[in-house]
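For reference, the structure discussed in these notes is given below.
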Protein chains: 4
Amino acid sequence: MKRNRPKFKQIIDAAVVVIAENGYHQAQVSKIAKQAGVADGTIYLYFKNKEDILISLFQEKMGTFVETIEAELKQADNASDKLLVLIQQHFGQLSDDRHLAIVTQLELRQSNKELRIKINDVLKGYLELMEKIIDEGISNGEFSEDLDKKLARQMIFGTIDETVTTWVMNEQKYSLTQMAVPIHTMMARACGSQNIEKKV
Amino acid sequence: MKRNRPKFKQIIDAAVVVIAENGYHQAQVSKIAKQAGVADGTIYLYFKNKEDILISLFQEKMGTFVETIEAELKQADNASDKLLVLIQQHFGQLSDDRHLAIVTQLELRQSNKELRIKINDVLKGYLELMEKIIDEGISNGEFSEDLDKKLARQMIFGTIDETVTTWVMNEQKYSLTQMAVPIHTMMARACGSQNIEKKV
Amino acid sequence: MKRNRPKFKQIIDAAVVVIAENGYHQAQVSKIAKQAGVADGTIYLYFKNKEDILISLFQEKMGTFVETIEAELKQADNASDKLLVLIQQHFGQLSDDRHLAIVTQLELRQSNKELRIKINDVLKGYLELMEKIIDEGISNGEFSEDLDKKLARQMIFGTIDETVTTWVMNEQKYSLTQMAVPIHTMMARACGSQNIEKKV
Amino acid sequence: MKRNRPKFKQIIDAAVVVIAENGYHQAQVSKIAKQAGVADGTIYLYFKNKEDILISLFQEKMGTFVETIEAELKQADNASDKLLVLIQQHFGQLSDDRHLAIVTQLELRQSNKELRIKINDVLKGYLELMEKIIDEGISNGEFSEDLDKKLARQMIFGTIDETVTTWVMNEQKYSLTQMAVPIHTMMARACGSQNIEKKV
DNA sequence: AATGAATGAGCCTTCATTCAT
DNA sequence: TATGAATGAAGGCTCATTCAT
């Protein structure tokens, strides 16, 4: 299996660095190969074409991203807390890998529609995770029962995403992780969280 | 002033159509010229370069967009209602111009970082409008006093934007305007709106 | 019409020279452009792609080639004489344009199957001309009535073509036109020509 | 001697199949290796380079081809009959190995000039065999004494070759061997054969 | 003001060959 | 002998921009 050989990850990591530092449209395959320390042709032993590098990059990174969040979610035992963990983890992971933050928030969005559709497929798992938390909150009475699950998910993702993008466009000058709690407060309130009111 | 000559708007409208129908990367200058009914070279009598077309497009369309919203806001006399009007107007205008919706939500985001920074400059006025509403809400006690103005604005914009993008990516198959009220309910709650509670 | 603008022929003539002097696989578009005195991009204003240059080259040159032969054929009033004129013209024209001889006999045959099929379509007109002469010969009793028209045509074309190819591969060291009469004698005999016997 | 080791022929036979089924330009060394059931690198233990495979292929197949014809020629005792046997054998052998027919008539001709010159060296033996028959015919009075030996050989080879190529390009839809007698009739007449006249 | 023919820089991908195992 | 992962050179084509008319 190609995905498990060391050069696979090596090339993907090189792609993250090259795209972050040069921008999507200046990330030539030859530059990625050089950064990875392999020949141009070697790229094509592991990836079908340039687009495949980018999809794989997103799959690999997003896979780890979501797995990490899922693992951390086990610590929390109600929907509101899970939401907080999710936001903290989301911000935390992107804070820890600033190259990745640039790539996912700015550069990869310059790809064409087809690639973005494929990227959205990868995102689906993450969005479903959010909906599961919302579902749980509605079921156990934490969240308002008239909450529209899909809209709530769009709000949560939209808010988190906009926050991270703004942070990246401001060149990551302030702490993103400090935003987690106030963002969570707004999200919980928006969901009609009863916990919030009790805590206040 | 070039902006007032008829061909200026003619070219911009052509650009919207061409980009919406062909995608950003397939929107060659020659295609825009053809759609506008002018020669390729004529484009350069009105715009410095291709990027300038796109920025001007955004300025023109966004200008009208924000002006319309500002005008409508006068009907509302509290922050929560203003928020509702803003969301309704935002959704309404993009519902009415589906080409524009595709261009702003999907295609123009494929532009490079520099262009996106310039587009963000244009967006600034709209974001400030949002902040003014939030400010008003906090001042008059409608909204929670611990609300972070900047984060609240990122939430509102992020939520609206994600909602529209999802709608566009679903090929505008459902009514976007019907989303305005439930989205507004969540936003108002997130801001700690007292009005919401009263109304319920 | 692109085919009538001067640069169209200019590029085709450049292609003949470049292919003859460098070989088919060393005839890069940039080399052809340079030889034609135009920019690389200009090629693509006149031709869809590289293959289109080669097909057009064959069409243009073959068109003239066959037209010339057809015009000369009017001087002859029986099938055997027409055959002689055809062979003389075929040899004569390729003797007069040695670059073209190299291109048609050696280089263009290195093209892939698809291109060769398209080239064969162009050849069809010439082959039909041959069959018409054979038909005439059979009808008026000059040629043997049991002659297979299609096989006779394959013989005539195959013989002429092999003769020219051998001449080109021998670097055109001897006179090709001097071969016309003896080749014609063989062809006429093969067709069972009565004229030949009388003349002898 | 490498030529006698089993993998040598194994690779050559693989090359014939791969070239016939994929075309010359799609016959990569790796594909030939796979078809032969060996590793890519193994090819280079038996052949100097890719060109060497093709030349060896031609040598091996052409060697058998000519040997078979020479053996069969012993049955015939005059030039005209020998010509008939040669044509029948030529058509028969290619009818029996359709892959080989595709390779020799269409695919191998796409090779570059140098390779074709080397292939022509291999062909020489066959062409000399033809000339020997013509010589014999002229000497014993069967053929016209003013026959140009070299031109006659070019006619015979050109005619046979064109006939086979036309048959291959028509996807071998009709019987090639049935063409042998009429082709022979034409060739014999072209040589001024006295036998033909007697037989008629 | 308007035209549109001409320009030319820039990059992804293939595949014959090598060489460490 | 045999393997197969790794190499790296090379070229067709697009399209934003210019400028002579």
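Order of the sequence lines sets the chain letters (A, B, ...), proteins ahead of strands, with each chain counted from 1. The shown structure was predicted, so the numbers you read here are calculated from the model rather than taken from an experiment.
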**Prompt:** In whole angstroms, how far is the P atom of E/dT17 from the CG atom of D/Asn49?
**Reply:** 5 Å

**Prompt:** Whole-Å distance between F/dG4 P and D/Lys31 NZ?
**Reply:** 19 Å

**Asked** Starting at NZ of D/Lys34 and ending at C1' of E/dC15, how long is that distance when rounded to a whole Å?
**Response** 15 Å

**Request:** Could you go through the side-chain contact (heavy atoms from CB on, under 4.5 Å) check for C/Lys50 and C/Gln28 one step at a time?
**Result:** CA-CA 9 Å; C/Lys50 189 180 177 182; C/Gln28 294 88 346; 5.6 Å; no

**Value rounded to 0.5 Å, distance of CD1 in D/Ile12 from CD1 in D/Ile53** = 8.5 Å

**Request:** Can you measure from NZ (B/Lys31) to CD (B/Glu21) and round to the nearest 0.5 angstrom?
**Result:** 10.5 Å

**Message:** Applying a 4.0 Å non-hydrogen cut-off, can you work out what D/Tyr46 is touching in the nucleic acid: base, sugar-phosphate, or nothing?
**Reply:** sugar-phosphate

**Prompt:** Atom CD1 of A/Ile11 and atom C1' of F/dA6: how far apart are they, to the nearest Å?
**Reply:** 11 Å

**Asked** What is the base-pairing partner of F/dT18, counting Watson-Crick and G-U wobble geometry with both distances under 3.5 Å?
**Response** E/dA5

**Prompt:** Which part of the nucleic acid does A/Val29 contact within heavy-atom distance under 4.0 Å: base, sugar-phosphate only, or nothing?
**Reply:** base

**Prompt:** From the list E/dT17, F/dG11, E/dA2, which nucleotide is the closest neighbour of the side chain of C/Gln26?
**Reply:** F/dG11

**Message:** Tell me the interatomic distance from C/Phe47, atom CZ, to F/dC13, atom P, rounded to whole angstroms.
**Reply:** 13 Å

**Request:** Evaluate the ring planes of B/Phe47 and B/Phe8, with Trp represented by its six-membered ring, and classify them as parallel (under 30°), tilted (30 to 60°) or perpendicular (over 60°).
**Result:** parallel

**Request:** May I ask you to say what D/Lys7 touches in the nucleic acid, namely base, sugar-phosphate or nothing, with a heavy-atom cut-off under 4.0 Å?
**Result:** sugar-phosphate

**Fill in**
C/Leu45 CG to F/dC15 P, in whole Å, measures 13 Å

**Complete:** To the nearest angstrom, the CD1-C1' distance between A/Ile43 and E/dT14 comes to 14 Å

**Complete:** Re E/dT13: Watson-Crick or G-U wobble partner, both distances kept under 3.5 Å, found to be F/dA10

**Complete:** Assert: residue with more 5' nearest nucleotide on DNA chain F, out of C/Gly41 and B/Glu51, is C/Gly41

**Message:** Side chain of C/Val38, heavy atoms from C-beta onward: which of E/dT7, F/dT7, E/dA5 has the nearest atom to it?
**Reply:** E/dT7

**Complete:** Of A/Gly37 and B/Lys48, the one whose nearest nucleotide on DNA chain F sits closer to the 5' end is A/Gly37

**Test item: B/Arg116 and B/Leu108 side chains (from C-beta on) under 4.5 Å apart, heavy atoms** = no

**Message:** Of the options E/dC12, F/dG4, F/dT1, whose atoms approach the side-chain atoms of A/Tyr44 most closely?
**Reply:** E/dC12

**Request:** Please report, rounded to the nearest Å, how far the C1' atom of E/dT17 is from the CD atom of D/Gln28.
**Result:** 14 Å

**Message:** Let me spell it out: for each of C/Thr42 and A/Asp40, pick the nucleotide of DNA chain E with the closest heavy atom. Which residue's pick is nearer the 5' end?
**Reply:** C/Thr42

